[in-house]
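Down below is the structure, laid out as structure tokens.
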Number of protein chains: 2
Amino acid sequence: MSRQPNLTATLAKGLEVMEALADLEETGLTELARRLDLSAPTLFRILSTLVAEGYALKAAGRYRLSLKSWEIGAKAVRRLKLKDLVRPRAERLSQRSAESAHLAVLQGSGVVIIDKVDAAQPVRVDTYLGQRAPAHCSATGKAILAFLPPERVDEVLEPPLQRYTERTICDVRKLRKELAAARGQGYAVNRGEWRTDVCAIAVPLQDHAKEVVASLSLTLPTVRFTEDAIRTSFLPALREAAAAISADLGRA
Amino acid sequence: MSRQPNLTATLAKGLEVMEALADLEETGLTELARRLDLSAPTLFRILSTLVAEGYALKAAGRYRLSLKSWEIGAKAVRRLKLKDLVRPRAERLSQRSAESAHLAVLQGSGVVIIDKVDAAQPVRVDTYLGQRAPAHCSATGKAILAFLPPERVDEVLEPPLQRYTERTICDVRKLRKELAAARGQGYAVNRGEWRTDVCAIAVPLQDHAKEVVASLSLTLPTVRFTEDAIRTSFLPALREAAAAISADLGRA
DNA sequence: TGTCGTATTTCATTATTTGAAATACAATTT
DNA sequence: AAATTGTATTTCAAATAATGAAATACGACA
């Protein structure tokens with residue numbers, strides 16, 4: 001076994017187990033051991049440790065992820081403060097446009113939704129706080145990438161870019177062109193590039209130093225994403241919200 | 001060093017480091033090593049692993065917690081489904097009462113806020129999603145404990161109960177009496193038992209099998225927590241919300 | 001009661017973690 | 001520019017903890 005220098009393999013394994021639990025709803029020992037290719041005793045000890053530390057729950061021999069990792073991470077989210085500032089604007093944005101507003105930040109090679117306001121109408125896109133989307137085929141991701149320094153963009157757009165639908169832009173050159181265009185326009189769109197029936201339009205949010213720190217989007221079913229709605233409703237509403245937030249961020 | 005059987009010490013250490021990062025905003029290696037009583041090389045390897053796995057971020061030799069643990073945990077939160085169901089009721093509850101509504105679940109010996117609707121007035125209590133409160137001196141905690149089977153209550157009320165204010169009930173016998181009363185009344189209150197200037201009133205939420213799974217509260221500054229407001233506004237609003245949710249849960 | 005599949009413990013072996021010390025790096029002072 | 005200080009990182013032999021095969025316990029079902 002080739003060993004990485006200066007890393008603790010045991011910890012890495014434990015974190016992997018935690019991630020697997022997150023995707024699994026509930027699992028037994030043997031089942032998970034097979035999935036992760038760990039021996040039963042090893043996995044048993046890891047799970048026992050996770051339970052002892054409160055990260056996993058055990059009931060009737062079955063393991064589940066607890067809320068502890070969420071709780072821990074919530075402290076980091078809270079520190080972003082962004083949320084408090086954006087929330088009232090996002091509410092107004094959602095009302096004006098009748099669509100769902102999302103606040104997202106870049107995290108690794110994807111974006112994560114850190115706040116949202118659901119559209120007040122029954123047909124809407126199902127999303128959740130903490131949900132991750134690929135940066136290269138989401139409006140929020142592209143709005144952020146468009147305003148990021150080139151070297152940061154390179155890290156995120158490490159080929160190959162995964163294809164999700166026939167509209168996903170997987171060609172890095174082509175994507176860069178689009179990002180340049182988005183920078184010019186001040187907004188980015190996603191037309192079914194991740195999920196066929198979901199479209200979105202997003203604007204970047206910049207802090208006092210004009211660095212992009214997040215993005216704000218309207219996310220909706222493709223059928224409602226008409227050029228007319230974009231021009232007369234979504235874009236004006238997003239721009240107003242972004243301007244107000246940027247002004248606030250300028251002060252803080 | 002006396003070794004626990006069947007637990008992986010390295011993983012436990014790594015998780016402790018993660019928790020410390022959550023409380024720390026940002027830290028250097030030496031500083032954190034002192035705090036956790038770990039040798040510099042050991043901590044270095046743990047932090048390197050956390051960074052490699054995406055749980056921590058490193059910039060200019062300083063370490064911070066990333067959003068990854070939050071993202072992982074969000075999947076567990078989402079699975080509770082409760083939130084979706086409660087949200088519209090909580091919104092109406094907050095509007096009717098003009099106070100902040102919280103949805104909380106039991107997690108270890110405390111409760112964690114998994115959803116909230118802020119009061120639409122400027123003077124309100126500062127809380128955040130993922131925030132933990134002690135079960136023995138919060139309205140949400142007591143509302144849940146009051147309807148939990150005795151053996152589960154024992155686990156949570158492991159003495160000594162920590163004192164936070166002069167009103168905190170630290171005597172287990174006395175607290176049990178109050179829980180019995182709360183069970184009779186169908187709601188629990190907290191009168192400055194955790195934070196002097198914060199009061200709350202909470203009702204339990206029960207699933208189809210009549211098991212308590214969460215609680216719903218109104219949380220507000222002590223100055224507004226009058227007997228009159230409780231009787232004419234808070235309690236009726238909470239009861240209506242709880243009844244509607246329970247009916248929904250009965251079906252699901 | 002017996003059988004089967006899964007979970008847990010034991011224990012000798014093996015591999016990884018460990019920390020002292022050496023070294024590299026960065027910021028600040030002289 | 002050189003010296004100083006404090007922190008971060010690497011090295012390496014010793015110490016320790018992790019490992020998995022096998023034995024055992026448990027629990028469901030026949």
Side-chain angles (χ1 to χ4, degrees), chain A residues 1-66 151 155, chain B residues 1-66 76 149 151-152 155 209:
Chain A
M1 188 139 287
S2 70
R3 171 155 131 60
Q4 286 295 93
N6 291 323
L7 293 180
T8 66
T10 311
L11 173 54
K13 252 176 266 177
L15 295 172
E16 264 166 45
V17 170
M18 206 164 84
E19 281 175 55
L21 284 180
D23 290 328
L24 233 35
E25 171 108 46
E26 180 187 273
T27 182
L29 183 63
T30 312
E31 179 189 346
L32 188 58
R34 240 191 307 276
R35 189 186 162 99
L36 297 177
D37 195 34
L38 292 172
S39 79
T42 296
L43 180 59
F44 176 73
R45 284 180 289 251
I46 289 174
L47 285 171
S48 299
T49 306
L50 288 174
V51 170
E53 297 288 327
Y55 288 85
L57 299 170
K58 181 181 179 178
R62 313 234 75 201
Y63 296 88
R64 296 182 296 115
L65 191 67
S66 81
E151 64 276 13
E155 291 166 27
Chain B
M1 190 137 286
S2 69
R3 171 155 131 59
Q4 285 296 95
N6 291 322
L7 292 179
T8 66
T10 312
L11 173 54
K13 252 176 264 177
L15 295 172
E16 264 165 46
V17 171
M18 207 165 83
E19 283 174 54
L21 284 180
D23 290 328
L24 232 37
E25 171 108 48
E26 182 187 272
T27 182
L29 182 63
T30 312
E31 179 189 347
L32 188 58
R34 240 193 306 276
R35 188 186 161 99
L36 296 177
D37 197 32
L38 292 172
S39 78
T42 296
L43 181 59
F44 175 72
R45 285 180 289 250
I46 289 174
L47 285 172
S48 299
T49 306
L50 288 174
V51 170
E53 297 288 326
Y55 288 85
L57 300 169
K58 181 180 178 177
R62 314 235 74 201
Y63 295 88
R64 296 182 298 113
L65 191 67
S66 82
E151 65 276 13
R152 298 279 327 273
E155 290 166 26

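Throughout, protein chains are lettered first and strands after them, A, B, ... in sequence-line order, and every chain is numbered starting at 1.
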Side chain to side chain contact (heavy atoms under 4.5 Å, CB included) between B:Leu65 and B:Leu50, worked out | CA-CA 9 Å; B:Leu65 191 67; B:Leu50 288 174; over 6 Å; no
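- At the phosphate of D:dA17, neither OP1 nor OP2 sits under 4.0 Å from any side-chain N or O atom of B:Thr8.
- Atom CD1 of A:Ile46 and atom CG of B:Leu11 lie 6.5 Å apart (nearest 0.5 Å).
- For B:Phe44, whose side chain is taken as the heavy atoms from C-beta onward, the closest listed nucleotide among C:dT10, C:dT8, D:dT9 is D:dT9.
- Listed in residue order, the members of residues 13-24 of chain B having a heavy atom less than 4.0 Å from DNA chain D come to none.
- Note: CZ (B:Arg62) to C1' (D:dA8) measures 12 Å, nearest angstrom.
- Nucleotide C:dA24 holds its P atom 15 Å from the CG atom of A:Asn6, rounded to whole Å.
- Terminal axes of the helix from C:dT1-D:dA30 to C:dT30-D:dA1 (five pairs each, C1' rotation axis) are separated by 40°, to the nearest 10°.
- Considering every non-hydrogen atom in both B:Ser66 and B:Gly54, the closest pair reads OG-O, 2.6 Å.
- Put simply, CD1 on B:Ile46 is 16 Å from P on D:dT10, counting in whole angstrom units.
- Across every non-hydrogen atom of A:Arg64 and A:Glu25, the tightest pair is CG-O, 3.3 Å.
- For B:Ser39 and C:dT18, the shortest distance from a side-chain N or O to OP1 or OP2 is not below 4.0 Å.
- In this structure, the CD atom of B:Glu26 is 11 Å from the P atom of D:dA8, given to the nearest Å.
- Closest to the A:Arg45 side chain, of the nucleotides C:dT10, D:dT9, C:dT18, is C:dT10.
- Counting to the nearest Å, the C1' atom of C:dT8 and the OH atom of A:Tyr63 are 9 Å from each other.
- Here the side chain of B:Ala9 is nearest to one of C:dT8, D:dT10, D:dA18, namely D:dA18.
- Residues satisfying the side-chain hydrogen bond (donor to acceptor under 3.5 Å, both in side chains) criterion with B:Arg62, sequence neighbours excluded, are B:Glu26, B:Glu31.
- Separating the NZ atom of B:Lys58 from the P atom of D:dA8 is a distance of 9 Å, rounded to the nearest angstrom.
- Using a 4.5 Å heavy-atom cutoff, the side chains of A:Leu32 and A:Tyr63 are not in contact.
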B:Leu24/B:Arg35 under side chain to side chain contact (heavy atoms under 4.5 Å, CB included): CA gap, chis, key distance, verdict = CA-CA 11 Å; B:Leu24 232 37; B:Arg35 188 186 161 99; 3.5 Å; yes
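- Atom CG of B:Leu47 and atom P of D:dT7 are 16 Å apart (whole Å).
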Treat primed atoms plus P, OP1 and OP2 as sugar-phosphate and everything else as base, then score nucleotides 25-30 of chain D 5' to 3': B for base contact with protein heavy atoms under 4.0 Å, S for sugar-phosphate contact only, - for none.
-> ------
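- Residues from residues 28-38 of chain A with heavy atoms under 4.0 angstrom of DNA chain C, sorted by number: A:Gly28, A:Leu29, A:Thr30.
- For the segment residues 48-55 of chain A, the set of residues with a heavy atom within less than 4.0 Å of an atom of DNA chain C is empty.
- Following rounding to the nearest Å, B:Leu11 (CG) and C:dT18 (P) show an atom-to-atom distance of 12 Å.
- Between A:Pro41 and A:Thr10, the one whose closest nucleotide on DNA chain D sits nearer the 5' end is A:Thr10.
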